[in-house]
J.: 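I'd like to ask you about the structure that follows.
Just follow the structure's listing: the first ligand is 1, and inside any ligand the first atom is 1. Start at 1 with the first residue, then count along the sequence.
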Amino acid sequence: MESKDKILSIPVCPGSLVASICLGLSLGLSSFTLYANDWSRAQTPSSGSPRSVGETNSGCIAGAVALPLEGKGYQVMHIERGRYYGHPDLVKALKLLGQKAEQRDLGLMQIGDLGQPRGGPLPFGHRSHQSGLDVDIWFNLNPRILAESNSTRSNIGAPSMLNDSKTGLDREKWTSDQVKMLELAANLPGVDRIFVNPYIKKELCDVVAGNRAWLRVIRPWYNHDDHFHMRMSCPMDSTSCREQDPVPVGEGCDSSLDWWFHHDTTPTPKPHAAPKPQLPDECLDILAEP
Ligand SMILES: [Zn+2]
């Protein structure tokens, strides 16, 4: 059974170097690329009260706020991408998660992409992250990795939590701290779902004792072995935000999880198959605002 969750990350474009290759690959989709670039050129959020519009893989955001690049318990990575904008609900949740992680001595949370100042399609890296409700958070909590980083923290990548043969977790890297981090994230107010690699979901199913209700929020998905993807629910103020299908009831430690281990779950990159997103008309007004 295939999961109904929609994440639609483009798995072939994780870093800035690969970005240019990715753009090259999408030459057959030049209209999509240009379209996405219109959104990536917007340097500032639009004015007005915050509202997420449309779906996370076809949407935008008005009145987005920037996550400060450093805060209690966290640092934003790849600052050069300018993807640290989101709905205030998301920014608030991340600040809270950083504080909780610090209180529990979990290390330093490293935050990857949120969205662009006005959201919208991104020219590389993701298909979702469009409506200011998505964020990628590295599983690595060890701050030592930052000793090698440059001023924009753009020269280091998130370490995978899988073993070399990709058949399970790397026990040198994966610890109970990552479990605690996911529990904290899953219990934040307003979090709709969190995507992780199927081996990570399986690990949680195997080891979490006591209250397991939060496991429902944790969804297995392709890749996601070096970061988890946290998605907020549609905020109260966003009447034209479109929620995806609700997460199924239960812990998700059943045959729906087994599916991932009995099929080839390596996604084939299909850059030419990416459809041009149909954005809500409201988004064009948001993009056009000075
Ligand atoms: Zn993501």
J.: In D136, which N, O or S atom comes closest to the Zn ion (ligand 1)?
T.: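 When I compare the N, O and S atoms of D136, OD1 is nearest to the Zn ion (ligand 1).
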J.: Testing F139, W138, F195 one by one against F228 for a ring-ring contact (aromatic ring centres under 6.0 Å, His included), which residue passes?
T.: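 Of the listed residues F139, W138, F195, the ring-ring contact (aromatic ring centres under 6.0 Å, His included) partner of F228 is F139.
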J.: Enumerate, atom names and distances included, each donor-acceptor pair closer than 3.5 Å involving a side-chain atom of residues 281-290, sequence neighbours excluded.
T.:
from: E282; atom 1: OE1; to: S240; atom 2: OG; distance (Å): 2.9
from: E282; atom 1: OE2; to: R51; atom 2: NE; distance (Å): 2.9
from: E282; atom 1: OE2; to: R51; atom 2: NH2; distance (Å): 3.3
from: E282; atom 1: OE2; to: S240; atom 2: OG; distance (Å): 3.4
from: E289; atom 1: OE1; to: S47; atom 2: N; distance (Å): 2.9
from: E289; atom 1: OE1; to: S47; atom 2: OG; distance (Å): 2.9

J.: If you check every N/O/S atom of H229, which is the one nearest the Zn ion (ligand 1)?
T.: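 For H229, the N, O or S atom at the smallest distance from the Zn ion (ligand 1) is ND1.
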J.: Kindly write out the residues that satisfy side-chain contact (heavy atoms from CB on, under 4.5 Å) with R242, not counting sequence neighbours, or none if the list is empty.
T.: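 Only E55 meet the side-chain contact (heavy atoms from CB on, under 4.5 Å) criterion with R242.
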J.: Taking the six-membered ring for Trp, are the ring centroids of H126 and H229 within less than 6.0 Å of each other?
T.: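 No - the distance between ring centres of H126 and H229 does not fall below the 6.0 Å cut-off.
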J.: Any N/O/S atom, side chain or main chain, of H129 closer to the Zn ion (ligand 1) than 2.8 Å?
T.: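 A backbone or side-chain N, O or S atom of H129 is under 2.8 Å from the Zn ion (ligand 1).
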